[in-house]
Participant: 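Can you keep this structure in mind? I'll have questions shortly.
Chain letters run A, B, ... following the sequence lines, proteins first, then strands; residues in each count from 1.
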Number of protein chains: 2
Amino acid sequence: MKIALAGIGKIALDQHVPAIAASRDWELAATVSRHGKVPGVPGFADMAEMLEACPDVAAVSLCLPPVPRFEAAAAALRAGCHVMLEKPPGATLAEVHALADLARAEGVSLFATWHSREAEAVAAACAWLADKTIREGRIIWREDVRKWHPGQDWIFEAGGMGVFDPGINALSILTRILPVPVRILSAELDVPANRQAPIAARLQLSQGITADFDFRQEGPQTWDMEFDTDAGPMALRMGGNLLEIGGAPAGGENSIMGEYPALYARMAELVRQGASDVDLAPMVLVADAFTLGQRREVAAFDF
Amino acid sequence: MKIALAGIGKIALDQHVPAIAASRDWELAATVSRHGKVPGVPGFADMAEMLEACPDVAAVSLCLPPVPRFEAAAAALRAGCHVMLEKPPGATLAEVHALADLARAEGVSLFATWHSREAEAVAAACAWLADKTIREGRIIWREDVRKWHPGQDWIFEAGGMGVFDPGINALSILTRILPVPVRILSAELDVPANRQAPIAARLQLSQGITADFDFRQEGPQTWDMEFDTDAGPMALRMGGNLLEIGGAPAGGENSIMGEYPALYARMAELVRQGASDVDLAPMVLVADAFTLGQRREVAAFDF
């Protein structure tokens, strides 16, 4: 099936293009981007132009920033295309509900992807936790925004979500693996004096779980979650790629498929089944953190 | 049926107590409050104590501020009571989802109330708009926080929602009367230098609708919404109590039942039907405004 990719930035080139190239299901037929190009693939400056020029495109995958994404997604759905959304699936919950309604009305598939849920050890962690009780948990998600989002000012603008852009990856794993739903009890948001979105956040969640998100980590990066359960300690390290039970390695790091190839395989399956997959639980937690969060001004940040 | 009222503050005494007293369905059997009392009604300092002392209480109505409300609501549901929530139904979306799950598991009714939806002219406005197209709309919701929430500092704390406490009333009417779902495109939030929650907000919504919420209005109060449609102008004034079509009065102001009596009648109906009513659309819009909103510091505010 032919697919178009919209928003040709770092994540598109690093992950989406290789995943599509390696897929038996998809052929990259067009790109939509103001500046980015993929060599050898027809490029268009806007979505409407691509949809008109390429009527044989069956699906559109969107990796635009969240704020401009809605109009592009709605245009693709209205043209009868299946749509796949990079995380977070939108700038607001209401707009993703609207896209889901539109996909239903058009009879096409909508997939709100959470790439971290496809990390190596997530399924094993979920299976292990299913019959356990969590007593306490610690999420530590600290990375260097200059390394992963060089010069991407939109991430600190209103709607860009700041440190919740990586933090939502942790929350997408958490909401997948926990046997009972989790909620935010309180939140502290550190907002740079010259920005709108937080650069660090500390959350207190139900089930004794805390989260420490920080975008200012230089040197080694940390994407860990540790749980104390009624059956002893369990940890997911390296962004969900390594499982430890009782302190010993217990899985992960040996799968055939990476996160993005797994997403494109799942998208093909959804299209074949005529189904959609739109789970907003991680985004609800982020919206709740913004609604409930105590804001604190911290030092100005520049790339 | 016997009902207990938790959180005996201004809204409980002004609205809930008279509505229960006038109801044929309900008898006020107990109150739960740290400080407030209702003369002639047994009062308890905490929910667990009341639930143990009054096993014949069938339902609990909660008018606590949103942040402490969850634990009280969960305790009442776990004791097998039906639960009615003042708006907003919680401090976070995830906690209201959790209460809805709990009510389902316990087989009891949960009613997330939106009192403004019971205003006189809302049903007529909804019926009139059903086959119209909205070209533009203006919501102006300006009231004096010192008059309606005297000394209630919680309203400006993190999770208190600030001007969205009245603004969510407008959004609850809007999400009831519009024929198609609405979403927030952008938001500006004015936050006093000494507070966490906004004292004023301006929203740009889909369908050409703007909202102007302000908590600093002295003198006459304004709770209006005006729409330009393909069939001419329509307005809802006085918080949904007066309908104007083409500039002329067209309904409202003559009903038998006030907003809160209508809520208690509806609660009795839900209990008799074994049903729940939890519509989070107004709260999703508020969470979206907090997530997407551009914050601006304004003058400090003190009661």
Participant: How many angstroms lie between atom NE2 of B:His97 and atom CG of A:Leu280, to the nearest 0.5 angstrom?
Facilitator: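 One gets 8.5 Å once the value is rounded to the nearest 0.5 Å.
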Participant: At a heavy-atom distance under 4.5 Å, which candidate from B:Asp101, B:Val286, B:Val284, B:Leu285 has the highest pair count against chain A?
Facilitator: B:Val284
Participant: Looking only at non-hydrogen atoms, find the nearest pair between B:Ala158 and A:Leu292 and report the distance.
Facilitator: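 So the minimum-distance heavy-atom pair works out to CB-O, 3.1 Å.
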Participant: Write down the atom of B:Arg183, the atom of A:Ala98, and the distance for their closest heavy-atom approach.
Facilitator: CD-CB, 4.4 Å
Participant: Would you say B:Trp148 has more than 12 foreign heavy atoms packed within less than 6.0 Å of its CH2?
Facilitator: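 Not buried by this count: 12 neighbours or fewer within 6.0 Å.
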Participant: Give, as side chain, backbone, both or neither, the part of B:Leu93 having an atom under 4.5 angstrom from any heavy atom of chain A.
Facilitator: both
Participant: For each of B:Glu157, B:Glu95, B:Met161, B:Arg295, tally heavy-atom pairs with chain A at distances under 4.5 Å, and name the one with the top tally.
Facilitator: B:Arg295
Participant: How about residues 64-82 of chain A versus chain B: which residues have heavy atoms under 4.5 Å apart?
Facilitator: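 Within residues 64-82 of chain A, the residues under 4.5 Å from chain B are A:Val67, A:Phe70, A:Glu71.
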Participant: Sort B:Gln196 into side chain, backbone, both or neither according to what part of it lies under 4.5 angstrom from a heavy atom of chain A.
Facilitator: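 Contact with chain A involves the side chain of B:Gln196 alone.
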